[in-house]
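Chain naming here is simple, since letters A, B, ... match the order of the sequence lines and numbering starts at 1 in each. Heavy-atom basis, side chains included; hydrogens, waters and symmetry copies ignored.
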Number of protein chains: 2
Amino acid sequence: MGRRPRHSKEDFQAIALAAAQAIIAEEGLQSLNVRAVAARMGCSVGTIYNIFEGIEELVALVNGETLDALYDALSQAPVTGSPERDLHVLLDLYLKFVTERKSSWNLLFEERLPEAKEPPAWYFEKIAQLFTLLTRILKPVFRPDQKEELAHAVRLLWISLHGVWSLNARGHLPIVSGDPLETVAHSMVDTYLAGLRARASDG
Amino acid sequence: MGRRPRHSKEDFQAIALAAAQAIIAEEGLQSLNVRAVAARMGCSVGTIYNIFEGIEELVALVNGETLDALYDALSQAPVTGSPERDLHVLLDLYLKFVTERKSSWNLLFEERLPEAKEPPAWYFEKIAQLFTLLTRILKPVFRPDQKEELAHAVRLLWISLHGVWSLNARGHLPIVSGDPLETVAHSMVDTYLAGLRARASDG
DNA sequence: GGTGTATCATGAACGTCGTTCAATTAATTA
DNA sequence: TAATTAATTGAACGACGTTCATGATACACC
C-alpha cells in the first residue's frame, strides 16, 4: 500500500481552523487568505486544498466556532419568567460578544452560500441551538399548546434582530437610524414583544 | 490652457452607469468588473479611474438607481388608511421588484461601506424617500403629535424587513425558516404592526 | 500655422487573490 | 532494497482592482 497521511483530515482541519482564528485575532479579516493560513500552519497552499474544497469551507468552520462561542456567551443569561427583562439581558450579552469579537462576527455576514448548494447540516443545528435560548425566554408569552406559534415567534424575532446586526456589520446602520446599536436593538425587542403579546391575546 | 474633456465627469459617470446596468442585466453580477465596464464603454480601464475613485463608487451609483427604481415601483401603492392592507400591498410590490431585479437587488447587499468614510449624502436622501412611503402608511397608528414615535416605528419596521431581505439575498433564509420569503415578510409586518398598536395604546 | 502646455486617455504592468496540477517526497509492502 | 501508492509541494494560471509612465489631444498665445 501507499503512504499514510501524517494527520487525519479532521486533525488537519482543526489545525487550519486554529490558524485561521489566530490570523483573524492578530491581523484582522482582510489578512485571512489561503496563503496566510498555509504559512501559519507550516504547509503549502496545495495542502489546504487537500483538506478543503475551497476557502469557503474553512470560513464555514470558523463561522461554526463563532456560533458556538456565541451560544456559550448567551447561555449564561438567566430565565426569570419575564421575557422583557430576560431579552434585554440576553441582548446585552449579545452586544458584548459582537463588540469583543468584531472580526469573527463580521465574517458571519460576509459568507455567501452558493445558490445550488445546501447549507451544511451542522449549520442548522447551531442555529437551532441558539433558537432554544430565545424559545425558553419567550415561552411565558404563549399557552403550552402553542408550540408552533412559539417557534414562529422565535424565528421572526431572530430575523428582526438579524436586520440590526446586518446593517451594523456593513456600516449601513447610521443611514437608517441615528441611534446607537444598543438602542435600536432594545427598541426592536420591545416592539416585537408587544406585538407578540397583542397577537397572543387576540387568539 | 489645456485640453478640454471630451465629456464632462457627470456625462462619463452616466455612461459608465449605463454600461454597468447592461452588464448586470445581460451577464449577471459576477461579470461586473472594471474591465467589463471599460470594454462596454469603449474606453480603457484607466479612464474609469479618472471618473471614479474606485469601483465601489460606481457600485454606489448603481445601488442609487436601484433605490430609485424601488421607489418608483413602490410609490404606486395606494394609501387607504388601513395600515395592514396597505403594508401587504406594498410588500407584494416589494417582492415583485426583488424577483424581477434580483441581481441589482443583491448588489445592494454586497456593498460594504468603508469604516472611516461617511456614506454619500444622496444615500440618506434616497432611504428617507423610501421611508416616506412607510410613514404615510403607518400614520393612522399614531396620534398627530406623535411625529417622533412614527419616525421611530418606520425605522424599526424597515430594519426588521431588512433582516428578511438580507438573509434571503445571502441564501441563509432557509437556515432560519422553512417558510418562503413572502410568508416570512408578511408575518413580520403583521407582528410588528400588532406591536405598534399595542405600544401606542399603552401611551 | 506653429508652438507650448495643460489635461485627458491609454493599456501594460503590479500585487493579491483563489485555485490547479505536474513533479516531488515519503511511507508502506513485497 | 525496490516498487508502489498517495500525500505534499509550490510554481503557474487567470481574474481581480489599481497604478502610472507614455502618448494623444485641444486650447491659448504668437
Just how far, in rounded Å, is [atom2] of [N] from [atom1] of [X]?
{"X": "B/Met41", "N": "C/dG11", "atom1": "CE", "atom2": "C1'", "result": "15 Å"}
{"X": "B/Phe52", "N": "D/dT19", "atom1": "CZ", "atom2": "P", "result": "15 Å"}
{"X": "B/Ile48", "N": "D/dT19", "atom1": "CD1", "atom2": "P", "result": "14 Å"}
{"X": "B/Ile23", "N": "D/dC16", "atom1": "CD1", "atom2": "C1'", "result": "14 Å"}
{"X": "B/Tyr49", "N": "D/dC16", "atom1": "OH", "atom2": "P", "result": "12 Å"}
{"X": "A/Ile51", "N": "D/dA7", "atom1": "CD1", "atom2": "P", "result": "12 Å"}
{"X": "A/Ile55", "N": "C/dT20", "atom1": "CD1", "atom2": "P", "result": "13 Å"}
{"X": "A/Lys9", "N": "D/dA7", "atom1": "NZ", "atom2": "C1'", "result": "12 Å"}

Where the side chain of A/Thr47 meets the backbone of A/Cys43, is there a donor-acceptor pair that is under 3.5 Å apart?
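Absent.
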Between B/Trp165 and B/Tyr94, what is the ring plane arrangement, given parallel below 30°, perpendicular above 60°, and tilted in between?
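Parallel, since the angle between the ring planes stays under 30°.
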For A/Glu148, is there an ion pair with A/Arg155 - N to carboxylate O distance below 4.0 angstrom?
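Between A/Glu148 and A/Arg155 there is a salt bridge, with a charged N closer than 4.0 Å to a carboxylate O.
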Looking at A/Arg197 and A/Glu84, is there a salt bridge between them, counting it only when a charged N and a carboxylate O are closer than 4.0 Å?
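Salt bridge between A/Glu84 and A/Arg197, a charged N being under 4.0 Å from a carboxylate O: yes.
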Does OP1 or OP2 of D/dT8 have a side-chain N or O of A/Thr47 closer than 4.0 Å?
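So the side chain of A/Thr47 is outside the cut-off, no N or O lying under 4.0 Å from OP1 or OP2 of D/dT8.
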Would one find a side-chain N or O of A/Asn50 under 4.0 angstrom from OP1 or OP2 of D/dA7?
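No.
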So that I know where these two stand, are A/Phe142 and A/His152 an aromatic pair - ring centroids less than 6.0 Å apart?
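Ring-ring flag for A/Phe142/A/His152: false, centres at least 6.0 Å apart.
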Are any protein N/O atoms closer than 3.5 Å to N/O atoms in nucleotides 13-17 of chain C? If there are, list each pair with its distance.
residue: C/dA13; atom: N6; partner: B/Arg35; partner atom: NH2; Å: 3.4
residue: C/dC17; atom: OP1; partner: A/Asn33; partner atom: ND2; Å: 2.7

Partner residues of A/Arg136 under the salt bridge (Lys or Arg N to Asp or Glu O under 4.0 Å) criterion, sequence neighbours left out
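Expected list: none.
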Sole candidate of A/Leu95, A/Val184, A/Leu181, A/Asn106 that passes side chain to side chain contact (heavy atoms under 4.5 Å, CB included) when paired with A/Asn168:
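The passing option is A/Leu181.
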What's the closest nucleotide to the side chain of B/Ser44 if the choices are C/dG11, C/dT20, D/dG10?
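Comparing C/dG11, C/dT20, D/dG10 against the side chain of B/Ser44, the answer is C/dG11.
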